[in-house]
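Single-structure report; data block below.
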There are 2 protein chains.
Amino acid sequence: MAVESKSDDAPSQPGLTRQALVQAALRVLEREGVNGLSMRKVAAELGVKAASLYWHVRNKEELLDLLTDELMADAEAPPREGGWREQLREYCVRYRRHLLGKRDAAKVVAGRLVPGPHLLRLMEDQLGRLREAGFSDADAAMVNYALGAFVQGFVLQEQGPLSASEAMGAGRREVATAAGEQLRRLPQETFPHLVALADALTGPSMEDRFSFALERLLDGLSTLLEQGSDVRKEGTPDE
Amino acid sequence: MAVESKSDDAPSQPGLTRQALVQAALRVLEREGVNGLSMRKVAAELGVKAASLYWHVRNKEELLDLLTDELMADAEAPPREGGWREQLREYCVRYRRHLLGKRDAAKVVAGRLVPGPHLLRLMEDQLGRLREAGFSDADAAMVNYALGAFVQGFVLQEQGPLSASEAMGAGRREVATAAGEQLRRLPQETFPHLVALADALTGPSMEDRFSFALERLLDGLSTLLEQGSDVRKEGTPDE
DNA sequence: ACCTGAACACCGTTCAAGT
DNA sequence: ACCTGAACACCGTTCAAGT
């Protein structure tokens, strides 16, 4: 029963830690992108063989879960200044910038709902502000989810290559104007709107598109708050 | 110079077509999911070796681009009934259902902006309705993009495993209530809101979350339409 | 308890060679 | 023009074996 007979003086904790794995994964991600992020490379980054990782982590999925939370480690909540609208806007703008700042972050995070400790910290803060703003508990929870999904979904489009196969080789602007050309060349009779709106469709930057959608969403939340959150009923739209 | 000397009576076009590749890819996707979708399996599905595919397609990315459009082939625009709001709502609801109906569709489509012919058809239709509803050209284009990104982003969360590593083995409801338990167990002092809103956060179904976000967005579009689309200015929020 | 060697069953892609 | 064989350089994961 004397299981702990190892009387080494130095703690000499196992060379590998879950934390170390995640940090290594983070470096590999930054250096090689999500497609280059392999268990073998993470192991190599730690001077160890791939099989070793499986002692600390069930599989790659679990490592990606941990990595997802680590990506949120240095995300910051906005200052508590201005109304709820400014604060929520800043939340989304910062979250977007944060994801854009880490290579392929959206692709790692997307569709991964596991809330790690770092994300919980941010949720706690945002939920507090939503309740203070007057949102009901149910609405606050919904808004919190909606904003997260919104930003993640948006950045995912933004971070993926614009035109897939021809991502490298041409700048974003060039690809966009080329797409505009293509739309304008469509047959007028069957695609009148696409032809007419070619510029409007391909002109705006990702930043523009994000702001647009964000302001619409915030307007929608304004409406919700004005109505009082329990007056609303399904099936009674405005027409 | 007599290049076409093949005088076979039957057209006997090359056994492989891009169309055939895409159809095979679609079947593999449905059968094995996005993780099982490999060039080798697609080739096998066609009774051919993997190397052959590269005659018809630059690489896997290009095949995925084609597949993305094929996934939209049987998507249907909603009936032209009711106001713009009902129609846009139906658009989003149907798009979501359509993606949910095809295995891992969101994961294939997500972040792939290349608009193929099938998507163009839908865009043309939706842009027409947006203009009729009174949206400016610039706004119509933005709304079209925003709705697409919104639904895709949402379904991506929905289609991915709820809790990553433990996706299989427990139903969605079970995982959710377990998550609720976990939230309720957090330290009250540091996470008062998470504890208080544990039910509100984990209770609602994905359907509920989608509807909520969608109605908020539609409310925001209402506001835009009422204001007149060029009155709005940046930097003059409601406080 | 923690790490390795070696293997298994896969990948995407290229390219000379066949027809 | 279209397809194959064979190879290259990888994957994630398992598991007996080492220490």
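Values below: all heavy atoms of this structure, side chains included; hydrogens, waters and symmetry mates excluded. On a predicted model such as this, the values are computed, not experimentally measured, just so you know. In what follows, chains are A, B, ... by sequence order, proteins preceding strands, each numbered from 1.
Rounded to a whole Å, the CG atom of Leu46(B) is 15 Å from the P atom of dC2(D). Summarising the geometry, the separation between CG on Leu53(B) and P on dC3(D) is reported as 10 Å, rounded to the nearest angstrom.
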With sugar-phosphate taken as primed atoms, P, OP1 and OP2 and all else as base, the protein-contact string of nucleotides 7-19 of chain C at under 4.0 Å (heavy atoms; B, S, -) is B---BBBBB----
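In this structure, Phe150(A) and Phe210(A) have parallel ring planes: the angle between them is below the 30° cut-off, well short of the 60° mark.
Ion pair Glu32(B)/Arg103(B) not flagged as a salt bridge, since none of the NZ, NE, NH1 or NH2 atoms sits closer than 4.0 Å to an Asp/Glu carboxylate oxygen. Salt-bridge formation is detected for the pair Asp125(B)/Arg129(B): a Lys NZ or Arg NE/NH1/NH2 atom is positioned less than 4.0 Å from an Asp or Glu carboxylate oxygen. For Arg58(B) and Asp65(B), the salt-bridge test fails: no basic side-chain N is under 4.0 Å from an acidic carboxylate O. Under a 4.0 Å N-O distance rule, the pair Arg18(A)/Glu62(A) qualifies as a salt bridge. Ionic pairing of Glu61(B) and Arg112(B) is present here: one or more N-O contacts between side-chain nitrogen and carboxylate oxygen are shorter than 4.0 angstrom.
Checking the phosphate oxygens (OP1, OP2) of dC2(D), a side-chain nitrogen or oxygen of Trp55(B) falls inside 4.0 Å. Considering only side-chain N and O atoms, His56(B) lies under 4.0 angstrom from the phosphate OP1 or OP2 of dC3(D). Checking the phosphate oxygens (OP1, OP2) of dC2(D), no side-chain nitrogen or oxygen of Ser52(B) falls inside 4.0 Å.
In the set dC2(D), dC3(C), dG5(C), dC3(C) carries the atom at the smallest distance from any side-chain atom of Val48(A).
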Please test Asp208(B) against Ser205(B) for side-chain contact (heavy atoms from CB on, under 4.5 Å), starting from the C-alpha separation and ending with a verdict. CA-CA 5 Å; Asp208(B) 293 337; Ser205(B) 68; 3.2 Å; yes
Full working for side-chain contact (heavy atoms from CB on, under 4.5 Å) between Gln157(B) and Gln152(A): CA-CA 9 Å; Gln157(B) 312 279 344; Gln152(A) 278 185 27; 2.9 Å; yes
Pairing annotation in dot-bracket form, given for DNA chain C with Watson-Crick or G-U pairs under 3.5 Å and | for cross-strand partners: ||.|||||...|||||.||
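Heavy-atom neighbours of Glu207(A) CD from other residues, nucleotides or ligands within 6.0 Å: at or below the threshold of 12.
When the C1' atom is compared between dC11(C) and dC8(D), the two are found 12 Å apart, to the nearest whole Å. dC2(D) and dA17(C): their C1' atoms are spaced 13 Å apart (whole Å).
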